[in-house]
Trainee: 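Please find one structure pasted underneath; my questions will follow.
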Amino acid sequence: MTLFAEIRETVLSAIDALVAEGTLPGGLETRAITVEPPRDAAHGDMATNAAMVLAKPAAAKPRDIAEVLATKLAADPRIEAADVAGPGFLNLRLSGDVWRGVIARVLHEGDAFGRSATGEGRRVNVEYVSANPTGPLHVGHTRGAVFGDALASLLDVAGYDVTREYYINDGGAQVDVLARSVYLRYLEAHGQEVAFEDGTYPGDYLIEVGQALKDKVGDQFVGKGEQFWLAEIREFATEKMMDLIRADLALLGVEMDVFYSEKSLYGTGRIEEALGDLRDKGLIYEGVLEPPKGKKPEDWEPREQTLFKSTEHGDDVDRPVMKSDGAWTYFAPDIAYHFDKVSRGFDELIDVFGADHGGYVKRMKAAVSALSDGRVPLDVKLTQLVKLRRGDEELKMSKRAGTFVTLADVVEMVGPDVTRFHMLTRKNDAPLDFDVDKVCEQSKDNPVWYVQYAHARIHSVLRKAAEAGITPDPENLNTVNDPAELALAAKIAEYPRLIEIAATAHEPHRVAFYLYDLASEFHALWNKGNAEPHLRFFQEDDPSATSGKLCLISAVAIVISNGLGILGVTPVDQM
RNA sequence: GCACCCAUAGCUCAGCUGGAUAGAGUGUCGCCCUCCGAAGGCGAAGGUCGUAGGUUCGAAUCCUACUGGGUGCGCCA
């Protein structure tokens with residue numbers, strides 16, 4: 001339980017006591033009562049809206065309720081002061097012992113500090129990256145990979161049972177294109193001149209795949225028609241591409257639990273089974289769709305297709321699952337795939353897509369809602385574009401020219417830690433500027449560096465103290481009592497609550513912002529030591545005070561390390 | 001035409017799911033910098049939270065309608 005939740009319990013039992021005394025009427029709804037850090041620290045350590053929430057049902061003035069509640073709460077040893085403010089807020093100031101207790105707890109729990117039980121062991125599946133197996137990952141995929149991975153870690157820390165999953169789109173036309181492209185490289189490896197027409201992948205990365213194919217099969221496909229080699233090369237090339245992608249992900253430290261093949265859904269009855277489930281629910285029918293208004297395709301003709309009645313589950317129009325020639329649309333295997341996820345017993349599903357899949361969200365939610373009878377929520381997180389630049393120069397992507405910046409390029413330029421952290425310094429649904437020069441800068445406006453610097457600085461002090469034979473010992477915590485020091489401890493106390501909020505909202509970027517705040521406050525306290533020597537962490541003639549202060553900064557380092565762990569960034573001890 | 005996302009300080013962005021006087025970095029201006037670890041520190045100015053309504057004790061946050069930007073819209077996945 002977080003400190004905020006503990007104090008909330010205290011508030012609730014104070015209310016119960018007031019009810020028992022007859023000061024407040026019984027049967028009050030207390031769900032809306034919150035205990036939060038106030039926006040302005042000058043207001044105290046925590047604030048509760050209890051009086052305002054209870055005012056109406058209790059038929060009393062908020063400030064009057066706040067007054068009696070304040071008296072009750074002030075009797076608690078942990079609460080030093082309870083003041084009524086504004087329209088009826090109750091501002092609480094906690095005793096120094098509470099904050100010193102937080103520090104001791106962090107030291108005791110170590111890397112378990114911040115772990116939470118909010119997930120209650122619920123099984124959640126996070127699907128991310130899922131790039132087509134037709135080439136190396138590029139910057140866009142990088143953001144999805146980092147976001148999905150951090151979200152998965154965040155949920156794990158919050159007590160969920162997390163599965164990280166990659167859906168391999170190896171069942172559609174694009175892998176045929178891949179196979180044909182590899183065939184061209186294969187012919188090239190045999191010394192032939194080849195031309196890459198539109199509709200093939202001209203990228204250099206296929207050269208070695210063509211060579212590898214030659215090494216494997218010799219010249220048996222040369223001069224043969226597609227029917228002799230397409231299936232085999234498709235298989236061969238897809239595997240090579242997945243090797244490539246796995247290697248790319250490894251550069252970022254991303255490891256999937258499950259790679260799920262789209263192809264495995266075809267010819268195995270899985271698609272038919274999933275659609276059968278929808279059919280049994282009366283959600284599949286033959287029909288003709290209206291053309292989209294405004295932007296009508298040139299060659300629009302009304303066609304009868306097999307449709308999924310997604311409008312019954314919140315979509316705008318029904319969606320085709322089968323083309324007019326009887327082949328499945330891409331939506332059909334996706335339905336089957338999500339049916340499979342539901343069948344595997346997940347309590348929650350999360351899909352991380354690129355922003356260009358925005359139009360796909362409603363139908364996917366509709367499908368999951370229908371397949372699980374509303375039991376399993378699906379959250380789709382869209383990651384917006386990454387604008388990669390070096391200073392004023394924009395590093396452009398062009399598929400036609402074959403010049404696209406790959407994940408490997410980015411990691412090579414700035415390293416995995418900087419890549420990961422920076423990709424998480426923006427909400428997933430906001431576009432991201434990634435300046436490869438700026439993210440490596442060593443200054444305060446570079447959050448990655450600033451957070452790492454705080455961690456390194458702390459370890460530097462710890463090393464220095466250790467040389468003098470001083471270590472952090474909670475026995476000496478009573479020497480930590482300056483308001484500035486306790487304020488830093490209070491910031492640390494926010495961490496577990498932040499994790500719960502970020503996990504519930506599926507927003508890992510909050511962790512990055514918190515770490516920047518925490519690092520700022522640590523650096524500020526450090527600087528304050530310049531003017532006020534008693535705040536310096538290393539006190540020349542006072543080992544016990546030093547030891548107490550070491551506890552405080554050790555706790556900061558632990559929280560930074562834990563937070564960075566969620567983001568997948570390695571904390572450094574020196575720089 | 002429709003759907004989804006976005007709009008907050010000159011610039012880049014936070015804002016804890018409805019709370020108090022809306023915050024940070026950068027930029028501008030003014031002081032300070034013989035300081036455990038240098039790559040700075042303190043302070044000031046800077047806002048009708050895109051516009052107009054609505055919901056209520058209370059709105060940047062929820063609802064509606066507009067404006068502007070992005071993404072997408074039946075045999076591409």
Side-chain angles (χ1 to χ4, degrees), chain A residues 4 32 34 36-40 42-43 47 49 52 55-56 61-62 85-89 91 130 132 134 169-175 262 288-297 299-303 305 307 315-320 322-331 333-334 354-362 380 382 384-385 425-427 429-431 433 441-447 449-450 453 456-457 460-461 464-465 494 497-498 500-502 504-505 507 509-510 512-514 516-517 520 523-524 526-531 533 535-540 546 574-575:
Chain A
F4 293 88
T34 59
E36 307 180 305
R39 188 164 279 181
D40 187 343
H43 290 138
N49 60 356
M52 288 182 294
K56 209 170 204 180
K61 287 184 194 150
F89 282 102
N91 291 327
S130 296
N132 288 344
T134 54
N169 288 105
D170 54 3
Q174 77 281 1
V175 284
E262 175 195 0
V288 179
L289 284 176
E290 293 288 311
K293 292 195 172 70
K295 188 225 163 205
K296 185 188 281 191
D299 56 346
W300 177 272
E301 282 172 38
R303 257 182 287 264
Q305 293 173 295
L307 301 169
D315 204 354
D316 309 304
V317 289
D318 292 339
R319 305 291 178 175
M322 196 182 268
K323 302 172 194 171
S324 52
D325 67 359
W328 297 117
T329 63
Y330 54 87
F331 188 35
D334 272 352
D356 53 342
H357 288 63
Y360 207 54
V361 173
K362 280 195 175 181
V380 180
L382 301 176
Q384 286 289 339
L385 295 177
T425 53
R426 203 107 311 170
K427 283 184 292 207
D429 49 14
D433 267 333
E441 240 171 53
Q442 303 196 340
S443 72
K444 193 175 178 178
D445 62 327
N446 180 358
W449 179 83
Y450 206 52
Y453 183 37
R457 241 181 173 179
S460 164
V461 176
K464 183 179 170 184
E494 284 179 26
R497 180 171 173 273
L498 169 98
E500 291 184 355
I501 291 166
T504 310
E507 291 182 343
H509 76 274
R510 288 175 192 260
F513 279 97
Y514 169 81
Y516 181 77
D517 277 352
S520 297
H523 288 304
W526 179 294
N527 293 324
K528 219 171 171 193
N530 293 335
L535 288 177
R536 297 184 189 178
F537 302 126
F538 193 87
Q539 296 289 319
E540 296 292 343
T546 302
Q574 48 190 330
M575 48 204 306

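Quick note on labels: first sequence line is chain A, next is B, and so on, each numbered from 1. These numbers come from the heavy atoms of this one structure, side chains and all, not from hydrogens, waters or symmetry mates.
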Trainee: Report which part of the nucleic acid A/Gln574 touches: base, sugar-phosphate, or nothing (heavy-atom distance under 4.0 Å, all strands).
Mentor: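 No contact.
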Trainee: At their closest point, which heavy atom of A/Thr504 faces which heavy atom of A/Glu500, and how far apart are they?
Mentor: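 Taking every non-hydrogen atom into account, OG1-O, 2.6 Å.
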Trainee: What contact category does A/His357 fall into here, base, sugar-phosphate, or nothing, at under 4.0 angstrom with non-hydrogen atoms?
Mentor: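 Base contact - A/His357 has a heavy atom under 4.0 Å of at least one base atom.
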Trainee: Whole-Å distance between B/G72 C1' and A/Gln384 CD?
Mentor: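 That distance rounds to 11 Å.
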Trainee: May I have the distance from A/Glu494 (atom CD) to B/G23 (atom P), rounded to whole angstrom?
Mentor: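 A/Glu494 atom CD is separated from B/G23 atom P by 15 Å.
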Trainee: Taking side chain to side chain donor-acceptor pair (under 3.5 Å) as the definition, give me every residue that meets it alongside A/Arg426, ordered by chain and number, with sequence neighbours left out.
Mentor: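 A/Arg426 satisfies side chain to side chain donor-acceptor pair (under 3.5 Å) with no residue once adjacent residues are dropped.
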Trainee: Using a 4.0 Å heavy-atom cut-off across all strands, classify A/Pro533 as base, sugar-phosphate, or nothing.
Mentor: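 The answer is nothing, as A/Pro533 stays clear of every strand by at least 4.0 Å.
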Trainee: If I pick the P atom on B/G50 and the same atom on B/C16, what distance separates them, to the nearest angstrom?
Mentor: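 My reading of the P atoms in B/C16 and B/G50 gives 15 Å.
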Trainee: NA contact type, A/Ala47, heavy-atom cut-off 4.0 Å: base, sugar-phosphate, or nothing?
Mentor: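 Base contact.
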Trainee: Heavy-atom nearest nucleotide on RNA chain B for A/Asn49 versus A/Asn169: which residue maps closer to 5'?
Mentor: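 Upstream on the strand: A/Asn49.
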Trainee: Between A/Gly172 and A/Glu262, what is the shortest heavy-atom contact and its length?
Mentor: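 Looking at all heavy atoms of both residues, the shortest contact is N-OE1, 4.0 Å.
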Trainee: What is the distance from CG of A/Asp316 to P of B/G72, rounded to the nearest Å?
Mentor: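 The answer, rounded to whole Å, is 17 Å.
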Trainee: Taking the C1' atom in each of B/G18 and B/A60, what is the distance between them to the nearest angstrom?
Mentor: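 The same atom, C1', in both gives a distance of 11 Å.
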Trainee: Send over the distance from A/Tyr360 OH to B/G74 P, rounded to a whole Å.
Mentor: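 Checked: the OH to P distance equals 12 Å.
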Trainee: side-chain contact (heavy atoms from CB on, under 4.5 Å) for A/Phe89 and A/His43? Distances and angles first, verdict last.
Mentor: CA-CA 10 Å; A/Phe89 282 102; A/His43 290 138; over 6 Å; no
Trainee: Between B/G40 and B/U26, how far apart are the two C1' atoms, rounded to whole Å?
Mentor: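 Pairwise C1' distance, B/G40 against B/U26, rounds to 15 Å.
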Trainee: Under 4.0 Å, counting only non-hydrogen atoms across every strand here, what does A/Arg319 touch: a base, just sugar-phosphate, or nothing?
Mentor: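 A/Arg319: no heavy atom of the nucleic acid under 4.0 Å.
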Trainee: Using atom P of each nucleotide, how far apart are B/C6 and B/G10 to the nearest Å?
Mentor: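 So the two P atoms sit 22 Å from each other.
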Trainee: Rounded to the nearest angstrom, tell me the gap between atom CG in A/Leu385 and atom P in B/G72.
Mentor: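 Nearest whole value for this atom pair: 8 Å.
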Trainee: For the pair made of NZ in A/Lys528 and P in B/G43, what is the distance, rounded to whole Å?
Mentor: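 Whole-Å distance recorded here is 10 Å.
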Trainee: According to the interplanar angle, ranging from 0 to 90°, do the rings of A/Phe331 and A/Tyr360 count as parallel (below 30°), tilted (30 to 60°) or perpendicular (above 60°)?
Mentor: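 Rings of A/Phe331 and A/Tyr360: perpendicular, over 60°.
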Trainee: Test for a donor-acceptor pair under 3.5 Å between the base of B/C75 and the side chain of A/Ser324, counting only N and O atoms.
Mentor: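 Per atom types, the contact qualifies.
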Trainee: Which part of the nucleic acid, if any, lies within contact of A/Ala32, taking any heavy atom under 4.0 Å across all strands shown: a base, the sugar-phosphate backbone alone, or nothing?
Mentor: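 Nothing, no heavy atom under 4.0 Å.
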Trainee: Can you see which heavy atom on A/Leu289 is nearest to which on A/Asp318, and at what distance?
Mentor: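 Closest pair (atom of A/Leu289, atom of A/Asp318, distance): CD2-O, 3.4 Å.
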Trainee: Report all interatomic pairs (protein N or O, nucleotide N or O of nucleotides 8-13 of chain B) with separations under 3.5 Å.
Mentor:
{"unit_1": "B/U12", "atom_1": "O2'", "unit_2": "A/Arg426", "atom_2": "NH1", "d": "3.3"}
{"unit_1": "B/C13", "atom_1": "OP1", "unit_2": "A/Arg426", "atom_2": "NH1", "d": "3.4"}

Trainee: Please work out if A/Ala355 contacts a base, only the sugar-phosphate, or nothing of the nucleic acid, heavy-atom cut-off 4.0 Å.
Mentor: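 If one applies the 4.0 Å heavy-atom cut-off, A/Ala355 turns out to touch the sugar-phosphate alone, with no base involved.
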Trainee: Can you list the residues that meet the side chain to side chain contact (heavy atoms under 4.5 Å, CB included) rule with A/Lys464, with sequence neighbours excluded?
Mentor: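 For A/Lys464 the side chain to side chain contact (heavy atoms under 4.5 Å, CB included) partners, ignoring immediate neighbours, are A/Phe538.
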Trainee: Under the side-chain contact (heavy atoms from CB on, under 4.5 Å) rule, what do A/Glu290 and A/Val317 come out as? Steps first, then yes or no, please.
Mentor: CA-CA 9 Å; A/Glu290 293 288 311; A/Val317 289; over 6 Å; no
Trainee: Distance between the P atoms of B/A44 and B/A24, in whole angstroms?
Mentor: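 It comes out at 10 Å once rounded to the nearest Å.
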Trainee: Roughly, in whole Å, what's the span from OH in A/Tyr516 to C1' in B/G15?
Mentor: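 Rounded to whole Å, this separation is 16 Å.
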Trainee: Can a donor-acceptor pair under 3.5 Å be found between the side-chain atoms of A/Arg497 and the base atoms of B/C16?
Mentor: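 Pair found.
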Trainee: Classify the nucleic acid contact of A/Tyr453 as base, sugar-phosphate or nothing, counting any heavy atom under 4.0 Å across all strands shown.
Mentor: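 Base, at least one base heavy atom under 4.0 Å.
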Trainee: Using the 3.5 Å cut-off, write out each protein N or O paired with an N or O of nucleotides 55-62 of chain B and the distance between them.
Mentor:
{"unit_1": "B/C57", "atom_1": "OP1", "unit_2": "A/Lys56", "atom_2": "NZ", "d": "2.4"}
{"unit_1": "B/A60", "atom_1": "N6", "unit_2": "A/Arg39", "atom_2": "NH2", "d": "3.0"}

Trainee: Show me the dot-bracket string of RNA chain B, counting Watson-Crick or G-U pairs under 3.5 Å, with | for pairs to another strand and [ ] for crossing ones.
Mentor: (((((.(..((((.....[...)))).(((((.......))))).....(((((..]....)))))).)))))....
Trainee: Across the strands shown, which category fits A/Glu301 at heavy-atom distances under 4.0 angstrom: base, sugar-phosphate, nothing?
Mentor: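 Base, at least one base heavy atom under 4.0 Å.
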Trainee: Between B/A22 and B/G47, how far apart are the P atoms? Round to whole Å, please.
Mentor: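 Taking atom P in both B/G47 and B/A22, they lie 12 Å apart.
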Trainee: If every non-hydrogen atom of A/Leu382 is compared with every non-hydrogen atom of A/Gly354, which pair is closest and at what distance?
Mentor: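 Minimum heavy-atom separation between A/Leu382 and A/Gly354: CD2-O, 3.7 Å.
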Trainee: When the C1' atoms of B/U56 and B/U61 are compared, how many Å lie between them, rounded to an integer?
Mentor: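 It comes out at 14 Å once rounded to the nearest Å.
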Trainee: Supply the atom-to-atom distance A/Arg303 CZ to A/Asp325 CG, rounded to the nearest 0.5 angstrom.
Mentor: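 These two atoms lie 10.0 Å from each other.
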Trainee: Rounded to whole Å, how long is the line connecting atom NE2 of A/His43 with atom C1' of B/A20?
Mentor: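 Rounding to the nearest Å, NE2 of A/His43 and C1' of B/A20 are 6 Å apart.
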Trainee: Does A/Ala505 or A/Gly529 map to a spot on RNA chain B nearer the 5' end, using the closest nucleotide for each?
Mentor: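 Here A/Ala505 is the residue nearer the 5' end.
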Trainee: Give a yes or no on whether the backbone of A/Ala47 and the side-chain of A/Asn91 come within a donor-acceptor separation of less than 3.5 Å.
Mentor: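 Not a single qualifying donor-acceptor pair exists.
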Trainee: Are A/Arg497 and A/Phe4 in a cation-pi contact, defined as NZ or CZ under 6.0 Å from the six-membered ring centre and within 45° of the axis?
Mentor: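 Yes, A/Arg497 lies over the aromatic ring of A/Phe4.
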Trainee: List for me each residue that meets side chain to side chain contact (heavy atoms under 4.5 Å, CB included) alongside A/Gln174, sequence neighbours excluded, and say none if there are none.
Mentor: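 Checked A/Gln174 against side chain to side chain contact (heavy atoms under 4.5 Å, CB included); matches are A/Asn132, A/Thr134, A/Asn169, A/Tyr201.
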Trainee: For the C1' atoms, the ones on B/U55 and on B/A65, what distance do you get once it is rounded to whole angstrom?
Mentor: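 After rounding to an integer number of Å, I get 15 Å for this pair.
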Trainee: Across the strands shown, which category fits A/Asp517 at heavy-atom distances under 4.0 angstrom: base, sugar-phosphate, nothing?
Mentor: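 It contacts nothing in the nucleic acid.
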